[in-house]
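In what follows, a single structure is set out as structure tokens and then discussed.
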Protein chains: 2
Amino acid sequence: MQDVARLANVSIATVSFTVNNSKPVSPATRARVEAAMQELGFRRNAVGRALASKRTHILALLYPALQHRFRGTVVNFFTSAARTASEHGYNLVLWPASNDDELDELTSTGLVDGVLLMEVQVEDPRVERLQKSGTPFALIGRTAEPDALDFVDIDFEGTVAASIDHLVELGHSAIGLLDGGVGSGALRGYGPVVRTRGAFDREMEERGLMAFRLSCDENPAAGREMGARIRDEAPGMTALILMNEHAAPGLLSELRHQGLSVPDDLSILSIASSKEMAAMNDPELTVMSAPSIELGRRGVELLIDQLDGGGDHDRHALVMCALEPGASTAPPRAGH
Amino acid sequence: MQDVARLANVSIATVSFTVNNSKPVSPATRARVEAAMQELGFRRNAVGRALASKRTHILALLYPALQHRFRGTVVNFFTSAARTASEHGYNLVLWPASNDDELDELTSTGLVDGVLLMEVQVEDPRVERLQKSGTPFALIGRTAEPDALDFVDIDFEGTVAASIDHLVELGHSAIGLLDGGVGSGALRGYGPVVRTRGAFDREMEERGLMAFRLSCDENPAAGREMGARIRDEAPGMTALILMNEHAAPGLLSELRHQGLSVPDDLSILSIASSKEMAAMNDPELTVMSAPSIELGRRGVELLIDQLDGGGDHDRHALVMCALEPGASTAPPRAGH
DNA sequence: CTGAAAGCGCTTACAG
DNA sequence: CTGAAAGCGCTTACAG
């Protein structure tokens with residue numbers, strides 16, 4: 001910047017003003033400065049800027065060490081968040097925080113301007129910690145009391161309603177929900193499952209439909225076991241909303257071995273999964289796919305709104321899953 | 001740091017020396033300084049340090065905008081790289097560079113100490129660009145001439161040999177390779193496919209086995225089509241090495257519809273995939289799983305070796321895929 | 001073993 | 001509209 005100033009015959013302050021558009025600069029000097037920058041191939045140093053302005057333009061994406069639920073879509077989320085940050089002149093660092101101390105480590109060294117919190121729990125101790133540290137942050141997911149916070153989340157309520165709509169339109173009235181359980185330990189009270197169950201119970205009751213609630217672990221073997229007992233556990237059920245993509249292959253395989261046809265004997269609608277995972281099944285599953293890319297983008301936008309001001313995004317954003325047609329849903333067999 | 005120095009009655013230089021262990025400090029002063037840091041909850045500012053030392057302790061993970069091949073494992077790679085960086089006192093930023101200018105943008109602002117390059121092509125223009133910029137970097141993957149570079153890559157040659165070993169031990173002698181093609185455009189000359197084919201041809205020839213070479217696009221529909229014509233294209237083949245995890249479900253489904261049994265009529269060994277993807281199939285595939293976590297870790301270690309010196313990691317690291325038993329490989333039917 | 005001081009590359013009141 | 005100068009929070013020769 002010294003060199004640019006010298007070559008353009010101005011002060012470094014003026015160079016700074018023209019680079020940042022932070023103060024009016026006459027067209028003539030601007031031209032001289034820009035020519036000098038061009039000639040020298042000048043790029044302003046990010047660290048000098050950060051120290052002087054107290055803004056690093058670095059955002060942290062905080063992900064927990066525990067296994068992610070929606071694994072396949074996490075990479076979309078990561079890259080979408082990084083791209084959005086980049087488009088706004090920010091950088092995104094991946095921060096693997098398994099405990100609270102590592103969170104403090106991040107916020108106390110002044111490296112990041114803000115934090116994006118993934119896999120938010122219904123009661124999440126990290127939220128209070130962040131508030132205490134004064135670091136701007138946004139949530140992917142929701143706590144139990146998210147009103148005062150900025151968040152984006154999947155609209156589980158809307159997704160469940162749309163799922164039931166889809167199945168009812170096909171003619172179903174006895175519908176089940178198979179989820180992966182609320183888990184224990186770190187995953188206890190996992191928001192997506194809690195909210196989906198609540199919405200399912202409510203919607204089914206309101207519509208006066210016959211509801212079944214099922215759970216099994218998130219792996220094919222558990223899906224297989226579930227398949228073996230599903231007719232006992234849910235007699236008369238003709239359609240299943242599945243929020244457990246990893247159980248799907250085992251479940252389908254077991255149903256096939258029993259001579260049951262999907263979708264003719266049982267329609268299956270996979271939710272909060274991805275088209276890619278759905279396509280790994282036979283038949284290819286109809287799916288309400290998780291809006292990972294949009295969640296990543298909007299989470300970053302929310303955070304940058306706080307940092308730069310002037311943003312007009314909705315601070316409480318809920319994004320629907322999108323219905324992607326597959327071969328696993330159809331009208332129930334005549335006679336049901 | 002000013003405050004710490006005042007409280008401990010030393011200069012800020014001395015605080016710096018004890019924080020960094022960069023110069024000898026007497027036990028007594030060290031104790032005083034540490035007590036003061038404790039009391040004030042001092043954490044040295046990362047930006048000030050970066051500016052003074054000309055080292056940001058930030059690493060960039062450069063991933064191309066084009067779709068990733070080994071999608072499911074990318075998240076493991078990302079998080080493993082981030083964790084390793086963190087363990088060494090570094091941060092990892094995700095940098096979505098779709099073109100060369102965005103690469104220059106990254107290296108010219110002085111934000112990062114080094115770059116990790118993903119999805120390296122056989123001829124990769126980014127390598128020369130990075131060399132020109134003087135930025136330390138390491139590759140995940142290999143160019144055609146990688147001797148002068150630091151890289152970690154999957155040991156495709158070893159993985160293919162081990163795959164053939166596994167099948168030969170089961171009694172197979174007519175073995176095919178089904179890959180996703182070398183692609184066109186940005187993916188042309190994609191190293192993994194090129195190397196796997198070369199190794200396969202060589203190994204099969206050396207061992208005097210009957211080899212079949214097949215390719216189809218990376219999706220279930222293409223796998224299904226391949227299944228429909230596979231007996232014509234590869235008559236007598238009893239085992240298949242599959243480097244195309246997304247084609248697997250379609251292929252298996254089509255084989256089943258034809259009344260062919262996996263593994264009895266055809267053994268299938270999925271390579272450079274993951275146990276998770278393998279488990280999405282029925283039967284669960286035997287798989288040589290990609291060492292994503294190790295690649296992420298070792299790539300970062302290589303880069304930090306360059307930056308901090310004194311590292312003793314092998315600059316040309318090749319990591320084998322690991323055999324994970326499944327239900328898709330077995331001896332050929334008697335009579336073959 | 002410890003300190004005074006320069007300097008890393010910028011931004012930002014303040015003054016004109 | 002432009003500039004001189006202080007300062008962001010550290011590190012690092014240099015001197016003692």
Side-chain angles (χ1 to χ4, degrees), chain A residues 1-37 40-58 89-91 105-113 307-308, chain B residues 1-37 40-58 89-91 105-113 307-308:
Chain A
M1 196 171 249
Q2 294 278 18
D3 301 337
V4 173
R6 198 163 335 153
L7 185 61
N9 239 288
V10 295
S11 71
I12 60 165
T14 302
V15 177
S16 176
F17 299 153
T18 99
V19 167
N20 300 313
N21 276 312
S22 46
K23 287 202 182 176
V25 175
S26 78
T29 25
R30 170 176 298 278
R32 283 213 316 285
V33 170
E34 279 169 353
M37 294 198 302
L40 299 175
F42 171 79
R43 313 249 63 214
R44 86 161 146 359
N45 180 284
V47 182
R49 173 164 85 129
L51 186 58
S53 65
K54 301 186 155 307
R55 304 278 262 84
T56 62
H57 287 257
I58 297 176
Y90 281 82
N91 293 94
E105 177 77 25
L106 173 68
T107 56
S108 61
T109 58
L111 183 70
V112 305
D113 290 342
L307 297 172
D308 293 352
Chain B
M1 195 172 250
Q2 294 278 18
D3 301 336
V4 173
R6 198 165 333 156
L7 185 61
N9 238 287
V10 295
S11 72
I12 61 165
T14 302
V15 176
S16 176
F17 300 152
T18 99
V19 166
N20 301 313
N21 276 312
S22 46
K23 286 200 182 176
V25 175
S26 77
T29 22
R30 171 176 296 278
R32 283 212 317 285
V33 171
E34 279 168 353
M37 294 198 303
L40 299 174
F42 170 79
R43 312 249 64 215
R44 87 163 146 353
N45 180 284
V47 183
R49 175 163 86 130
L51 187 58
S53 65
K54 301 187 154 306
R55 306 278 262 86
T56 61
H57 287 259
I58 297 176
Y90 280 82
N91 293 94
E105 177 78 24
L106 173 68
T107 56
S108 61
T109 58
L111 184 70
V112 305
D113 290 341
L307 297 171
D308 293 351

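Residue numbers begin at 1 in each chain, while the letters A, B, ... track the order of the sequences.
- At dT11(C), one or more side-chain N or O atoms of R44(A) fall inside 4.0 Å of OP1 or OP2 (strictly under the cut-off).
- At the heavy-atom level, V10(B) lies under 4.0 Å from the strands shown only through sugar-phosphate atoms.
- R30(A) comes within 4.0 angstrom of no nucleic acid atom, judged by non-hydrogen atoms across all strands.
- Per the geometry, CZ belonging to R49(A) stands 18 Å off C1' belonging to dG9(D), to the nearest Å.
- A salt bridge is defined here as a Lys NZ or Arg NE, NH1 or NH2 lying under 4.0 Å from an Asp or Glu carboxylate O, and D308(B) with R55(B) meets this definition.
- Between G48(B) and F17(B), it is G48(B) whose nearest contact on DNA chain D lies nearer the 5' terminus.
- Contact annotation: T14(B) reaches the phosphate of dG3(C) (side-chain N/O to OP1 or OP2, under 4.0 Å).
- At a threshold of 4.0 angstrom between heavy atoms, the contacts of V15(A) with the nucleic acid are absent.
- For the pair S16(A) and dC10(C), the criterion of a side-chain N or O lying under 4.0 Å from OP1 or OP2 is not met.
- By the 4.5 Å heavy-atom criterion applied to side chains, V4(B) and I12(B) are not counted as neighbours.
- Mapping A52(B) and T29(B) onto DNA chain C by nearest heavy atom places T29(B) closer to the 5' end of the strand.
- OP1 or OP2 of dG3(C) sits under 4.0 Å from a side-chain N or O of S11(B).
- Neither OP1 nor OP2 of dC8(D) sits under 4.0 Å from any side-chain N or O of N45(B).
- Comparing dC1(D), dT11(D), dT2(D) by their closest approach to the side chain of V25(A) singles out dT2(D).
- Residue K54(A) has no polar side-chain atom (N or O) positioned under 4.0 Å from OP1 or OP2 of dT12(C).
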